[in-house]
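The block underneath contains the structure these notes are about, expressed in structure tokens.
Fair warning: this is a prediction, and the values are worked out from it, not measured in the lab.
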Amino acid sequence: MVSGKPSQVKILKGRKNFNLFLVFLCLTLVFLGKLDLVAVRNIKSFFSDFLAPVTYAFNKPVKEIAGVLEDVKSASSLRDENIRLKSELRRIKVLNSKIASQELELFELRELLKVLPKNKNNIVTGRAITAPGGVFANTVLINAGKDYGIKIGQPAISSYGFVGYVVNVGLKTSRVLLTIDINSMIPIYLTESNWPAVAQGQNGNLLIIKFLSSDAKPIDGEVVETSGHGGRLPPGINVGKLFKSFSGTYFVRPAVDFHRLTYISIITNQKKNIAVLDGFQGFAPLQKPKKPPVLKGLDSSGTRKIERIEN
Amino acid sequence: MIKNYIIAHILNGFSKNFIYLIFLFFLINFEKSLSFFSLFKIATPSLISIIIYIFIKKLNLVPSYFILFLLGFINDVIIGSNLGTTPIFLLLLKFFSEGLLFDYVNKNDQQDWISFTVTFLASFCIVFFINILLNSSIPDLSPVFYYVGTTLIFFPIINLSINFIFFIKRLLKS
């Protein structure tokens with residue numbers, strides 16, 4: 001008589017070995033994924049393309065319910081919202097009248113300085129299929145891919161500002177790495193204090209400022225834009241606002257609400273007008289004025305006598 | 001006769017696992033889409049780990065290792081995280097849930113919660129450590145705490161709901 005017990009033990013052992021094999025396979029996948037091989041990227045984009053419609057179908061009802069709840073919530077605060085919007089409108093009207101005159105002045109100055117014309121970007125807009133977020137990754141899948149000319153590295157924007165850049169492209173879908181992701185680093189420019197830096201995501205709501213000069217004196221609340229350094233991202237896209245934490249570290253609060261992204265635009269071509277215009281005789285752009293040399297107290301030989309006189 | 005029995009057994013196992021896969025895939029998508037709600041803006045609770053734990057411990061429905069691996073892989077593709085991290089988490093979760101270590105505390109709901117907390121935290125910590133190594137930097141901890149916190153809050157709610165359903169079922173039967 002052969003009992004069934006030993007075979008059960010064997011099955012259990014086999015299962016354990018299989019589990020270990022799968023864990024080992026996962027670790028290999030992690031390693032291969034980190035190597036950023038083309039094959040792995042292609043597999044990812046293939047599966048993204050394949051799963052995108054299913055994911056969209058699953059997400060759609062929940063997204064709609066969340067939208068309805070948000071609407072109900074905002075309906076309860078309609079009066080306050082109305083008052084706020086009225087004051088906002090008044091402020092914007094005043095600003096508008098100022099901007100019109102300043103814009104004209106800006107055009108004239110540009111003409112005078114013969115500033116190179118701004119590149120006209122081609123923009124492809126896609127719908128966000130997946131919700132952003134997750135503890136370890138912050139990416140969004142959009143329903144436009146290679147078929148619309150999207151390539152890896154192209155910047156993604158929304159009506160509020162900079163969203164991120166494309167990290168993976170399939171035939172029908174593309175994946176955008178959001179600026180808040182820990183792997184995202186973007187060259188930025190502090191618009192008021194005039195200092196370049198790098199903003200790195202932290203998988204949270206804020207971006208941390210890195211590589212900021214020790215001489216820099218950032219202003220709390222100043223607007224941060226992409227600097228365009230490195231040539232990967234176009235300059236002048238709104239990233240967010242700067243603020244200082246209690247510990248003295250500077251952070252950027254993104255202008256974009258990543259959880260309400262519905263449509264994302266990809267800047268697909270940045271035509272580079274590098275060729276210098278023929279007969280270009282423009283002036284050099286205005287620099288910040290340097291402190292003029294103080295001539296007070298200098299004699300004919302060039303030595304300063306102020307101290308001596310004071311003494 | 002024996003051959004037919006074996007084929008039927010294999011088909012039964014396959015269909016069971018296929019249903020698990022579909023259900024868990026639906027759940028993982030639902031979990032991700034919860035981030036559209038402002039309450040889960042920071043992070044969504046890990047419903048998948050709660051359900052897998054309850055499946056294994058309470059309902060005795062054990063999903064196979066391969067199904068969990070496949071599910072994790074799909075999840076990584078959908079959310080765009082490092083390939084292989086979610087499968088490791090799910091495999092570890094099953095491994096710790098099946099472990100005999102916590103069997104003596106699984107007497108009531110409160111102890112069940114403690115057992116789940118230990119299981120979930122152990123699997124999560126390992127995956128979190130792997131992610132820190134991969135990104136070579138420590139992420140913002142507030143979403144991590146929110147994720148762990150909401151998961152641990154949701155567990156007793158789901159657990160009690162399942163108990164309540166079973167209670168109603170028994171009541172109806174009697």
Side-chain angles (χ1 to χ4, degrees), chain A residues 15-16 18-19 22-23 25-34 40 43-44 47-48 50-52 54-55 57-63 65-67 69-70 73 130-141 167-168 175 177 180 182-183 200-206 208 257-260, chain B residues 25-30 32-44 46 64-66 68-69 72-92 94-95 98 124 127-128 130-144 146-148:
Chain A
R15 272 185 191 170
K16 256 190 180 176
F18 186 59
N19 185 24
L22 284 177
V23 170
L25 188 70
C26 291
L27 289 172
T28 316
L29 271 175
V30 168
F31 181 68
L32 287 176
K34 209 59 200 166
V40 177
I43 291 168
K44 264 187 175 181
F47 277 108
S48 293
F50 182 71
L51 292 167
V54 186
T55 313
F58 277 126
N59 281 346
K60 185 78 178 159
V62 182
K63 201 176 180 179
I65 293 166
L69 283 178
E70 281 293 314
K73 218 194 236 176
T130 56
V135 184
F136 302 122
N138 286 278
T139 60
V140 169
L141 200 68
V167 285
N168 206 359
R175 186 167 294 285
L177 185 80
I180 50 170
I182 202 162
N183 294 307
Q200 191 190 14
Q202 296 181 292
N203 280 352
N205 291 327
L206 304 170
I208 192 166
D257 184 356
F258 295 102
H259 295 270
R260 287 188 183 187
Chain B
F25 178 66
F26 168 76
L27 194 77
I28 220 160
N29 271 291
F30 177 71
K32 295 296 149 207
S33 57
L34 277 180
S35 69
F36 288 120
F37 291 97
S38 51
L39 181 66
F40 304 115
K41 214 169 149 181
I42 306 167
T44 53
S46 178
S64 73
Y65 283 114
F66 184 70
L68 294 178
F69 169 78
F73 182 81
I74 290 169
N75 183 53
D76 281 343
V77 169
I78 291 170
I79 63 165
S81 60
N82 295 310
L83 276 185
T85 45
T86 315
I88 292 176
F89 172 71
L90 295 178
L91 292 173
L92 285 173
K94 187 190 167 183
F95 179 75
E98 280 186 325
F124 180 76
V127 176
F128 184 62
I130 290 171
N131 267 288
I132 287 175
L133 283 180
L134 284 174
N135 298 321
S136 355
S137 57
I138 299 166
D140 187 5
L141 292 175
S142 57
V144 174
Y146 195 83
Y147 170 76
V148 174

Shorter than 4.5 Å, heavy atoms on both sides: which option in Ile180(A), Thr130(A), Val167(A), Leu51(A) has the most such pairs with chain B? Leu51(A)
Between Asn183(A), Leu141(A), Ile208(A), which residue shows the highest count of heavy-atom pairs closer than 4.5 Å to chain B? Asn183(A)
Against Phe136(A), only a single residue in Thr85(B), Asn131(B), Ile130(B), Ile79(B) fulfils side chain to side chain contact (heavy atoms under 4.5 Å, CB included); can you say which? Asn131(B)
Counting heavy-atom pairs closer than 4.5 Å to chain A, which one of Phe128(B), Phe95(B), Phe36(B) comes out on top? Phe36(B)
So do [Y] and [X] actually touch side chain to side chain, heavy atoms under 4.5 Å?
X        : Y        : value
Phe25(B) : Val54(A) : yes
Phe47(A) : Ile74(B) : no
Ile78(B) : Phe58(A) : no

To the nearest 0.5 Å, how far apart are [atom1] in [X] and [atom2] in [Y]?
X         : Y         : atom1 : atom2 : result
Asn205(A) : Lys41(B)  : CG    : NZ    : 7.0 Å
Asn203(A) : Leu141(B) : CG    : CG    : 10.5 Å
Phe37(B)  : Ile65(A)  : CZ    : CD1   : 5.5 Å

Under 4.5 Å heavy-atom distance to chain B, tell me which part of [X] shows up: side chain, backbone, both or neither.
X         : value
Asn168(A) : neither
Leu27(A)  : both
Leu22(A)  : both
Asn59(A)  : both

Minimal heavy-atom distance between Cys26(A) and Gly84(B), with the atoms involved, is CB-O, 3.6 Å
Compare every heavy atom of Glu70(A) with every heavy atom of Ser38(B), then report the nearest pair and how far apart it is. OG-OE2, 3.3 Å
With a 4.5 angstrom heavy-atom cut-off, could you sort out which part of Thr44(B) is near chain A: side chain, backbone, both or neither? neither
So, the part of Ile28(B) with a heavy atom under 4.5 Å from chain A: the answer is neither
Start with the C-alpha gap between Tyr146(B) and Val135(A), add the side-chain angles, then the distance that decides, and say whether side-chain contact (heavy atoms from CB on, under 4.5 Å) holds. CA-CA 9 Å; Tyr146(B) 195 83; Val135(A) 184; over 6 Å; no
List the steps and the verdict of side-chain contact (heavy atoms from CB on, under 4.5 Å) for Leu29(A) and Phe69(B). CA-CA 12 Å; Leu29(A) 271 175; Phe69(B) 169 78; 4.0 Å; yes
